[in-house]
Amino acid sequence: MMQAMIFAAGLGTRLKPLTDTMPKALVKVGGEPLIKRVIDKLSASGVDRIVVNVHHFAQQITDYLNDNANFGKDIRISDETTGLLETGGGIKKAYPLFDSSSPILIHNVDILSNVDLRSFYQLAVKAEGKDQAVDAVLLVSWRKTKRYLLFSDDMRLVGWTNIETGEVKSPYPNLDPSKCRMYAFAGIHVISPKLVMTMDEMPDRFGIIDFYLKECATYNILGYVKDALKLMDIGKLDTLAQAEEFLAEL
């Protein structure tokens, strides 16, 4: 089974005033809500089951999915209306809704890209040309930012750094960021059931990147750089205005 989770619980504060009356997931791009675009892309990639987490105007998302008969897919709701759980806590809470034998593709609701999600998902099923199991694969890219994930030469996650403050987070003592490959996280990743099950010891609310950094010395967490990546995060009103042109490029 190929399965996925759409992060749709966020407050969408950078898209105000649109999100004063609706969730970010229902903001339209090119005439269609963001969540529909993600569902269509997941469906075209062969995803069988989708879990959507909800919080901000949660009922609007539930009603939209019901009104469209879940677009013919097995779509389940992970309800976070009592409190946002962040990205890691959201996965932990949603996990009982998934098939426990298959990896989970995680996709932010506000991302548009030219990523072949089926091929990307397969990277977590088995490493290309290797026998070693992959516990998570993170889509990363080179872009100018303050915060970067750090990878070894074979693209295994080893840490994180803020190049402005010099802060480093890593389970490896004295890690030198200058000797690592540095990439920014792109908001799409795949996580194995084995790694999700280690979340039992985590609090209800936590960030997924902090979790990956905690576990990267024990588990095989890889970064994947896509050639000619085209990706847009519809996080602000100005990017929303550029989105239709971006969709035409895709």
Side-chain angles (χ1 to χ4, degrees), residues 4-5 7 10 14 38 41 45 86-88 90-91 103-130 132-192 195-196 206-236 239 242 246 249-250:
M5 180 173 182
F7 279 149
R14 295 182 297 165
V38 177
K41 187 173 178 67
S45 301
E86 297 187 40
T87 48
I91 296 170
I104 304 166
L105 171 67
I106 313 293
H107 198 298
N108 288 355
V109 76
D110 56 1
I111 287 179
L112 304 174
S113 79
N114 65 344
V115 177
D116 181 335
L117 294 179
R118 185 171 186 82
S119 295
F120 181 68
Y121 185 84
Q122 289 300 319
L123 294 175
V125 176
K126 185 176 181 181
E128 287 186 314
K130 299 179 181 179
Q132 185 179 13
V134 174
D135 299 301
V137 183
L138 285 59
L139 180 70
V140 295
S141 64
W142 171 253
R143 59 180 171 83
K144 191 173 182 180
T145 183
K146 298 176 184 177
R147 295 171 290 274
Y148 290 97
L149 294 174
L150 303 174
F151 296 90
S152 61
D153 286 341
D154 59 356
M155 288 302 292
R156 183 164 181 166
L157 181 67
V158 293
W160 171 97
T161 189
N162 183 320
I163 61 173
E164 190 173 81
T165 65
E167 181 185 5
V168 176
K169 296 179 181 179
S170 174
Y172 300 97
N174 304 314
L175 181 72
D176 184 351
S178 68
K179 296 180 180 179
C180 301
R181 297 189 178 190
M182 300 171 62
Y183 292 100
F185 180 48
I188 302 174
H189 47 125
V190 183
I191 186 169
S192 71
L195 188 51
V196 175
F206 63 96
I208 191 61
I209 294 300
D210 286 338
F211 172 74
Y212 284 147
L213 292 170
K214 174 179 174 291
E215 300 294 345
C216 66
T218 305
Y219 292 90
N220 192 24
I221 301 172
L222 304 179
Y224 172 73
V225 183
K226 174 181 164 46
D227 293 335
L229 174 66
K230 292 183 179 179
L231 184 143
M232 177 176 280
D233 177 349
I234 314 295
K236 301 178 182 178
T239 54
Q242 301 164 10
F246 182 79
E249 293 176 3
L250 292 182

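- Side chains of Leu105 and Tyr121 form a contact here, defined as non-hydrogen atoms less than 4.5 Å apart.
- Contact record, Met182 with Trp142: O-CE3, 3.4 Å, taken as the closest heavy-atom pair.
- Side chain of Ser192 to backbone of Ala136: no donor-acceptor contact under 3.5 angstrom is found.
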Stepwise side chain to side chain contact (heavy atoms under 4.5 Å, CB included) test for Tyr148 and Asn162: CA-CA 7 Å; Tyr148 290 97; Asn162 183 320; over 6 Å; no

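- Expressed to the nearest 0.5 Å, how far OG of Ser45 lies from CZ of Phe120 amounts to 11.5 Å.
- Considering every non-hydrogen atom in both Ser152 and Val158, the closest pair reads N-CG2, 4.1 Å.
- Of all heavy-atom pairs between Glu167 and Thr161, the closest is O-OG1, 2.9 Å.
- Checked by atom type and distance alone, the side chain of Ser113 pairs as donor or acceptor with a backbone atom of Val115 at under 3.5 Å.
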Check step by step if side chain to side chain contact (heavy atoms under 4.5 Å, CB included) holds for Ile91 and Phe211. CA-CA 11 Å; Ile91 296 170; Phe211 172 74; over 6 Å; no

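- Side chains of Cys180 and Leu175 form a contact here, defined as non-hydrogen atoms less than 4.5 Å apart.
- Here the side chains of Ile111 and Ile188 are in contact, with some heavy-atom distance below 4.5 Å.
- Rounded to the nearest 0.5 angstrom, Leu139 CG and Leu222 CG are separated by 13.0 Å.
- Looking at every heavy atom in both residues, Asp233 comes nearest to Arg14 through OD2-NH2, 4.1 Å.
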Give the intermediate values and the outcome of side chain to side chain contact (heavy atoms under 4.5 Å, CB included) for residues Glu86 and Phe206. CA-CA 6 Å; Glu86 297 187 40; Phe206 63 96; 5.6 Å; no

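- No donor-acceptor pair closer than 3.5 Å links the side chain of Ser170 to the backbone N or O of Gly159.
- Under the 3.5 Å distance criterion, the side-chain polar atoms of Asn114 are matched with a main-chain donor or acceptor of Lys230.
- To the nearest 0.5 Å, atoms NZ (Lys214) and NZ (Lys169) are separated by 14.0 Å.
- Residues Leu112 and Ile234 have side chains in contact (heavy-atom distance under 4.5 Å, counting atoms from C-beta outward).
- The distance from atom CZ of Arg143 to atom CG of Leu229, rounded to the nearest 0.5 Å, is 10.5 Å.
- Contact record, Cys216 with Ile221: CA-CD1, 3.9 Å, taken as the closest heavy-atom pair.
- The shortest distance between side-chain heavy atoms of Arg181 and Leu150 does not fall below 4.5 Å.
- Here the side chains of Asp110 and Thr239 are not in contact, with every heavy-atom distance at 4.5 Å or above.
- Rounded to the nearest 0.5 angstrom, Glu249 CD and Gln242 CD are separated by 10.0 Å.
- Within 6.0 Å of atom CD in Glu164, 12 or fewer heavy atoms from other residues, nucleotides or ligands are found, so the atom counts as exposed in its surroundings.
- Taking the six-membered ring for Trp and the full ring otherwise, Phe151 and Trp160 have centroids separated by 6.0 Å or more.
- Salt-bridge check for Lys226 with Asp116: failed, with every basic side-chain N at 4.0 Å or more from each acidic carboxylate O.
- In this structure the side chain of Arg156 reaches within 4.5 angstrom of the side chain of Asn220, judged on heavy atoms.
- Counted by atom type alone, His189 and Tyr224 present zero donor-acceptor pairs between their side chains at under 3.5 Å.
- A 4.5 Å side-chain heavy-atom check between Thr165 and Lys146 finds every atom pair outside the cut-off.
- The two residues Leu213 and Pro171 make their nearest non-hydrogen contact at O-CD, 3.4 Å.
- Annotation: the span from Met155 atom CE to Leu149 atom CG amounts to 9.0 Å, rounded to 0.5 Å.
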Side chain to side chain contact (heavy atoms under 4.5 Å, CB included) assessment of Tyr183 paired with Leu138: CA-CA 10 Å; Tyr183 292 100; Leu138 285 59; over 6 Å; no

